[in-house]
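One structure is given below, encoded as structure tokens.
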Number of protein chains: 2
Amino acid sequence: MNPQLRIDLNDKLYLRDPQATDLGRRLIGQGVGLIDEIGFEQFTFKKLAQRMGSTEASLYRYFENKHRLLVYLVSWYWAWLGFQIRFHTHNVPDPRDRLRLTLGILTRAHRDDPTTADLDEAALYRIVVREASKSYLTRDVDGDNREGLFREHKRLVAGIAAVASEINPAYPYPHALISTALEAARKQLFFAQHLPSLTDAGTAGSVEQSIYAFLEGLVFGALGA
Amino acid sequence: MNPQLRIDLNDKLYLRDPQATDLGRRLIGQGVGLIDEIGFEQFTFKKLAQRMGSTEASLYRYFENKHRLLVYLVSWYWAWLGFQIRFHTHNVPDPRDRLRLTLGILTRAHRDDPTTADLDEAALYRIVVREASKSYLTRDVDGDNREGLFREHKRLVAGIAAVASEINPAYPYPHALISTALEAARKQLFFAQHLPSLTDAGTAGSVEQSIYAFLEGLVFGALGA
DNA sequence: TTATTTTGATAGTATTACTATTAATTTAGA
DNA sequence: TCTAAATTAATAGTAATACTATCAAAATAA
């Protein structure tokens, strides 16, 4: 589907571009695997270096700290998701159809897509589900934001919100609606897997089908469409 | 309003009940202050002990680790919120009115209420906004869940979801809807303060008013009511 | 008043989150 | 292809974190 998908991220995210070198690409590829396995709090550059057969000091030349790596991975995911959405909706004239397709993509994009290069999207999605909100729920949000670290997230929300506004130009909360839907898509999947009494997804049919139907009702209900 | 509000939490949350001793109560009171000031990741029992004029070892006798303290504080908040909701809605017959009142409470309960005993609810709410999801987004969710650490959160969601079901018994996703709304109330406030382009709250009128209006449209829209 | 519990004081450990230095190796340019 | 520059590996080191252990002092309960 995307043989040479090139994703350019804010260069403030890293000290040295990890896509530019072999070590950098292995850092990302294996980093995703390790964070997925042991979780972000247990993850350290030392452990990753051991697994990669490299050294802690070498990895610290790519990212200031592990938090920047997380923000990088999450940004990469938002950018990739934005690409998927544009790719699948670019010839669809009706904004309702575009919004429906978009909701479908963000509930199951990670499944359909063949693995891009050295990145395991399914593992990355598990990381996004579990860790994405930690990228901004920190003491330094404001500083990080000033550096533009959340640009991809904002871009994605703005893009989908524009479709919502096309459907109902009078609706006053398109950004809130889309950021909520984006968050809900991940949270409800997490709840279905770990805290099922906080959701209803999976009680009838597949979890992803339920989440899609829930989101569709939520978004179109709010838009009064 | 609640002179002797007694909140009983799952005793798995702590090693020794912090409400039972003077040191324990100071731990909670000052712990809230310190987490609010420096954030959960920078927070340590050593720093808290210094501020309290106690010792690290003494505090570790109350909580296994700082994560348990966070879960305790968040659980306390959910329990307190549930109490506020029951208190303000207990004589309201129409479920729509009850749901509207509930949404109002969860967007601004922390403002109206006078400080309970030694707990600063405004600070606690800031902690809930910023840190609550970290209480379950961990590697040990399943274990923690088996111990019942998320009971208060579930109880709150179930209670409000029941009202939603009363309004529209055919609606298939009441738990998803309410857990989403609960999360959105906090997230949108955080976005308004730190990442305003992810929300619309505050562009017209007060942030809390906007969040309330957004949630009302979202929830009643989904319920088709 | 004695026994029990709780706290404080102190010390110690393994791990984390880095930084610094230097030597080996790779890569890029002339 | 040789040389210079950049990159990585290897090693070492530091301050802070997340605890645990021990023991004496103080408070409390029987």
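The model shown is predicted, which means the values in this text are computed figures rather than measured ones. Naming: A, B, ... by sequence-line order, numbering from 1 per chain.
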Figure out the [atom1]/[atom2] separation between [X] and [N], and round it to whole Å.
{"X": "A/Gln50", "N": "D/dA9", "atom1": "CD", "atom2": "P", "answer": "14 Å"}
{"X": "B/Leu34", "N": "D/dT17", "atom1": "CG", "atom2": "C1'", "answer": "14 Å"}
{"X": "A/Arg25", "N": "D/dT7", "atom1": "CZ", "atom2": "P", "answer": "14 Å"}

Answer with yes or no whether the side chains of A/Gln188 and B/Ser179 bring together a donor and an acceptor at under 3.5 Å.
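There is such a pair (donor and acceptor under 3.5 Å, judged by atom type) between the side chains of B/Ser179 and A/Gln188.
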Parallel, tilted or perpendicular for [X] and [Y], by the 30°/60° rule?
{"X": "A/Phe45", "Y": "A/Phe43", "answer": "perpendicular"}
{"X": "A/Trp80", "Y": "A/Trp76", "answer": "parallel"}
{"X": "B/Phe150", "Y": "B/Tyr136", "answer": "perpendicular"}
{"X": "B/His153", "Y": "A/Phe191", "answer": "perpendicular"}

What does the B/S/- profile of nucleotides 7-20 of chain C look like, 5' to 3', with a 4.0 Å heavy-atom cutoff to protein?
BBB------SBBBB
